[in-house]
Participant: 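Sending over a structure as structure tokens; questions will come in a sec.
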Amino acid sequence: MPKSEFIDPSVVRKKSEVRFDPIPVNQYCKSIQEEKVRYSTGQFLNIYRDMAIIREFESMLNLIKTTGEYNGIGYNHPGPAHLSIGQEAAAVGMAFHLDEKDYIFGSHRSHGEILAKGLSVIEKMDDDRLVHIMSTYFNGDCLRVVEKGHKGTVKELAIDFLLYGTLAEIFGKKYGFNRGMGGSMHAFFTPFGIYPNNAIVGGSGDISVGAALYKKVNRQQGIVVANIGDASMGCGPVWEGISFATMDQYTQLWEGEYKGGLPLIFNFMNNQYGMGGQTCGETMGYNILARIGAGVNPEQMYAERVDGYDPLAVMDAFERKIKVLKDKKGPVLMDTLTYRISGHSPSDASSYRTKEEIDAWNSQDSIIAFGSKLVEDQITDQGTLDDIRSIIVERTEKILRLAGDIDISPRLDLVDDPNAIGHYMFTNESIEKFDERKPEVKHSWDENPRVQQIKKKERFGYKDGKIVPKIKAYNFRDGVFEAIFDRYYKDPTLVAFGEENRDWGGAFAVYRGLTEALPYNRLFNTSISEGAIVGVATGYGMCGGRAIPELMYCDFLGRAGDEIFNQLSKWQAMSGGYLKMPVILRVSVGSKYGAQHSQDWTSIVSHIPGLKVVFPATPYDAKGLMNAALQGSDPVVFFESQRIYDIPELFHEEGVPEGYYEIEIGEPDIKKPGKDITILSIGATLYKVTEAADELEKNYGISAEIIDARSLVPFNYDPVIESIKKTGRILLASDACERGSILKDMSANVTELAFDYLDAPPVVVGSRNWITPPYEMEEYFFPQVRWILDAIHQKILPLDGHKIFNDFSNREKLDRAKKGV
Ligand SMILES: Cc1ncc(C[n+]2csc(CCOP(=O)(O)OP(=O)(O)O)c2C)c(N)n1
Ligand SMILES: [Mg+2]
């Protein structure tokens, strides 16, 4: 809703019609003779060689999977191998024009794309750089295996390195490209511009947009290619990625050199099947996939179907499309038609297609056809092609021997180091900025209206024994704002985006003041694509930039489920600790808006390995934790409660410092010391337990120690256990529905860790296991002060003359559990 764009009713209400331009389908028809002006003999032969390398590699894996051996070399590979036999021309054609600065993303079926891109990069890269990359990647672990006894050129060594790194990864070996943490479906090697391949169909559909955004915002060279399947066109992340990548604002609102489209090609590797489902005729309705481009934007995404059985046709198309991207007119949609001769996986009996169909495509085999053309047009002779193929067989045998041998290629040693995988879960680095250039801002810090307004505020919530009026008090949202504003002036890569992030000032006014300070390329509104908001940030983060995606309400986490649970959380570990993920996902926990806008879903994200989770409750903690999150290299889900955006700092007596400070993620905080009972709270419930503690003191002479968890993952239990040693009792409270909540997990841990010091069972007071009712009934749903007293009275420490409101007795608990409510 930028004011600069006037929506004129007399224009938009005018009678008119939408017109489409024709979309090219398989238009390429040049002969090798004609292409001799474009490509050298060496290049023609490399195209043939690269296709043959992929074919042999995949055929070897097929034999390993189905017979347990290849040319007499045995190996047992129980894991997946989604082969791309038949798709070689599409992969090699895609990669031919790309170099190390161009990034490709892929799918579960991307071995061929890894090899094609790697071979293309090796061909273009000078020897010194190749040696540097190989000898420094994981301290040269992978290189050491292949360089032993190597006598050929550096490029030949690099080809061995590429094949070995990929195969060792497929076999889950320590010297594989990702320490064996990725495997067949996720293998990648970023120094050659080969970015994560994704076992979630369509997973690359939005992550790749983040990479393209990274290139654009950070003025990096190169383009991005998302290699995804034809069936992924039915997936949310792909549609959302396309929506995000084609927003008008890039051309209409972004300024200066940032104006223009994203450098991205959605390249659909259209093998015409999604497992057994036939996309044309059965599971999709597009008939020709390229048609989709027509509906997306007036440029029709420069969509085109290209014959992916002819490497030259694909190369020709990529050359033209790369030009479109260089002219800042992207993104582009390509429908690269191909066919998977191999099964979906080696166990696939092809029950969904006929032998005639496979034979028909086999009879047009792209490698044989291309080789024949090279011979016919006298580029080479059959003997040379045969030699190329026998060298490839030898090389494949050598690589299989190396990768298959458990002594030469061991797995991560989980016996010697039982926490070996644990080391990869977080990178735990402290990094002020991810680039040295000067951060782009529109005015100096002091000129900012919000900064000036905050300057006038009281940074501690009490003055002369009285609470400072709302309007004059520094509040929770100021704390979040200050940390983010500060980082914008430190880290030039920092971007924030989400719904209503600009102009509106963030849905809950946290970002008020940012619009004035920042150009569009650092702060922008997105399409209503929660999945893509997180997926794009994930892609941006893995490329080396810092991002703050925001989901208005925590309830919308469901919309971004895959991106949070499988992508944001996992790529650091799946890279064997190579990638960093400096992404802070802001989510707010609502209230007043009923069932679909008021749920606390901390338990869901806390359950997922690979995410840090924080939930501050005071302005001091909000600023300190946001600073720590923004200084880190790990993904953090940052919960904020809408209930307390206005709250001043009521605990930290020195007030919220104006300068920079960090609060260590994982450290709970004793908000009030006490000796009779420990109360551990999460988020806004802090204020309810504080009231309850006052009542306990006043009416029953009981002194409660209040601990604010602040972080959920990681979490240091020591202060909680120390407290229990003193009090012998603990109650845990938060706004999350009680069943399966993170507090339930914490209470189980506390029981285990502090059993000897407990005089009563730990009791969790959460919300009822219901939908959140409308505001007027919330007091019967969210934990109330009196509930806390009820629970203490019935389960922990009888309170003289206390009257029960919410029954915490065992009988009631059993009844509710039996009913599932
Ligand atoms: C989200 C998701 N749904 C289903 C699957 C199971 N699955 C794996 S591959 C595949 C078919 C994908 O087809 P396509 O995108 O065309 O790629 P192709 O296998 O043809 O290369 C399916 C359904 C999955 N991995 N991820
Ligand atoms: Mg397919």
Side-chain angles (χ1 to χ4, degrees), residues 54 58 61-62 79-91 94 104-116 182-187 196-208 225-242 266-290 292 305-306 308-309 333-353 357-358 361 531-532 534-535 538 558-567 569-570 574:
I54 298 170
E58 297 283 68
L61 276 171
N62 195 36
H82 298 90
L83 308 176
S84 58
I85 296 172
Q87 301 184 195
E88 299 86 353
M94 174 274 299
I104 63 166
F105 287 79
S107 70
H108 55 286
R109 196 182 306 289
S110 285
H111 301 163
E113 293 147 19
I114 296 172
L115 299 184
S184 162
M185 298 194 283
H186 320 106
N197 294 303
N198 217 301
I200 300 297
V201 172
S204 289
D206 52 11
I207 291 179
S208 57
V225 180
N227 291 307
I228 44 184
D230 47 310
S232 81
M233 193 71 249
C235 297
V238 174
W239 283 98
E240 289 199 5
I242 288 177
F266 290 96
N267 182 39
F268 289 86
M269 288 290 192
N270 185 355
N271 61 14
Q272 308 175 71
Y273 283 98
M275 289 188 71
Q278 209 163 312
T279 45
C280 174
E282 187 187 8
T283 61
M284 297 296 288
Y286 48 55
N287 180 249
I288 288 183
L289 193 151
I292 296 285
R305 166 170 285 188
V306 60
Y309 248 45
L333 186 154
M334 281 202 23
D335 171 3
T336 303
L337 190 78
T338 179
Y339 192 80
R340 160 172 63 68
I341 301 284
S342 40
H344 165 70
S345 57
S347 60
D348 168 5
S350 280
S351 52
Y352 50 88
R353 54 181 179 177
E357 182 181 289
I358 301 174
W361 285 88
V534 181
T538 304
R559 274 284 176 94
D562 181 59
E563 285 80 354
I564 298 169
F565 307 152
N566 277 313
Q567 312 296 345
S569 53
K570 293 185 179 168
M574 284 207 287

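Order of appearance sets the numbers: ligands from 1, and atoms from 1 within every ligand. All figures in this text were calculated on a predicted structure; none of them were measured in a lab.
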Participant: Got a donor-acceptor contact below 3.5 angstrom from the Glu58 side chain to the Ser84 backbone?
Facilitator: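 Yes, Glu58 side chain to Ser84 backbone: donor-acceptor pair under 3.5 Å.
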
Participant: Provide the protein N, O or S atoms situated under 2.8 Å from the Mg ion (ligand 2); waters are not included.
Facilitator: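 Sorted hits: Asp230 OD1, Asn271 OD1, Tyr273 O.
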
Participant: Please work out whether the ring planes of Trp361 and Tyr339 are parallel, tilted or perpendicular, with thresholds of 30° and 60°.
Facilitator: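 The rings of Trp361 and Tyr339 lie parallel, inter-plane angle below 30°.
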
Participant: Glu88: what forms a salt bridge (Lys or Arg N to Asp or Glu O under 4.0 Å) with it, not counting sequence neighbours?
Facilitator: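 Salt bridge (Lys or Arg N to Asp or Glu O under 4.0 Å) check on Glu88 returns Arg55.
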
Participant: Dump all N/O pairs between ligand 1 and the protein below 3.5 Å as a table: atom names plus distance, one pair per row.
Facilitator:
unit_1   : atom_1 : unit_2 : atom_2 : d
ligand 1 : 15 (O) : Ser232 : N      : 3.3
ligand 1 : 16 (O) : Asp230 : N      : 3.3
ligand 1 : 16 (O) : Asp230 : OD1    : 2.8
ligand 1 : 16 (O) : Ala231 : N      : 2.9
ligand 1 : 16 (O) : Tyr273 : O      : 3.0
ligand 1 : 19 (O) : His108 : NE2    : 2.7
ligand 1 : 19 (O) : Arg109 : NE     : 3.4
ligand 1 : 19 (O) : Arg109 : NH2    : 2.7
ligand 1 : 20 (O) : Asn271 : OD1    : 2.9
ligand 1 : 20 (O) : Asn271 : ND2    : 2.8
ligand 1 : 20 (O) : Tyr273 : O      : 2.7
ligand 1 : 21 (O) : Arg109 : NE     : 2.8
ligand 1 : 21 (O) : Asn271 : ND2    : 3.4
ligand 1 : 25 (N) : Ala199 : O      : 2.9
ligand 1 : 26 (N) : Val201 : N      : 3.2

Participant: Are the side chain of Asp335 and the backbone of Arg305 linked by a donor-acceptor contact shorter than 3.5 Å?
Facilitator: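 Flag not set: sc Asp335 to bb Arg305 has no pair under 3.5 Å.
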
Participant: Test: salt bridge (Lys or Arg N to Asp or Glu O under 4.0 Å). Region: residues 268-277. Which pairs qualify, not counting sequence neighbours?
Facilitator: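 Every candidate salt bridge (Lys or Arg N to Asp or Glu O under 4.0 Å) pair involving residues 268-277 fails, so no pair, neighbours aside, qualifies.
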
Participant: I'd like to check Met185 versus Met574 (side-chain heavy atoms, cut-off strictly below 4.5 Å). Are they in contact?
Facilitator: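 SC-SC contact between Met185 and Met574 ruled out.
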
Participant: Any side-chain heavy-atom pair from Asp348 and Arg340 closer than 4.5 angstrom?
Facilitator: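 Asp348 reaches Arg340 side chain to side chain.
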
Participant: Can you tell me if Ser569 uses its side chain to pair, donor with acceptor, with the backbone of Ile564 under 3.5 Å?
Facilitator: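 A pair under 3.5 Å: yes.
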
Participant: With a 4.5 Å limit on heavy-atom distance, are the side chains of Thr336 and Phe268 in contact?
Facilitator: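 No. Closest side-chain heavy atoms not under 4.5 Å.
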
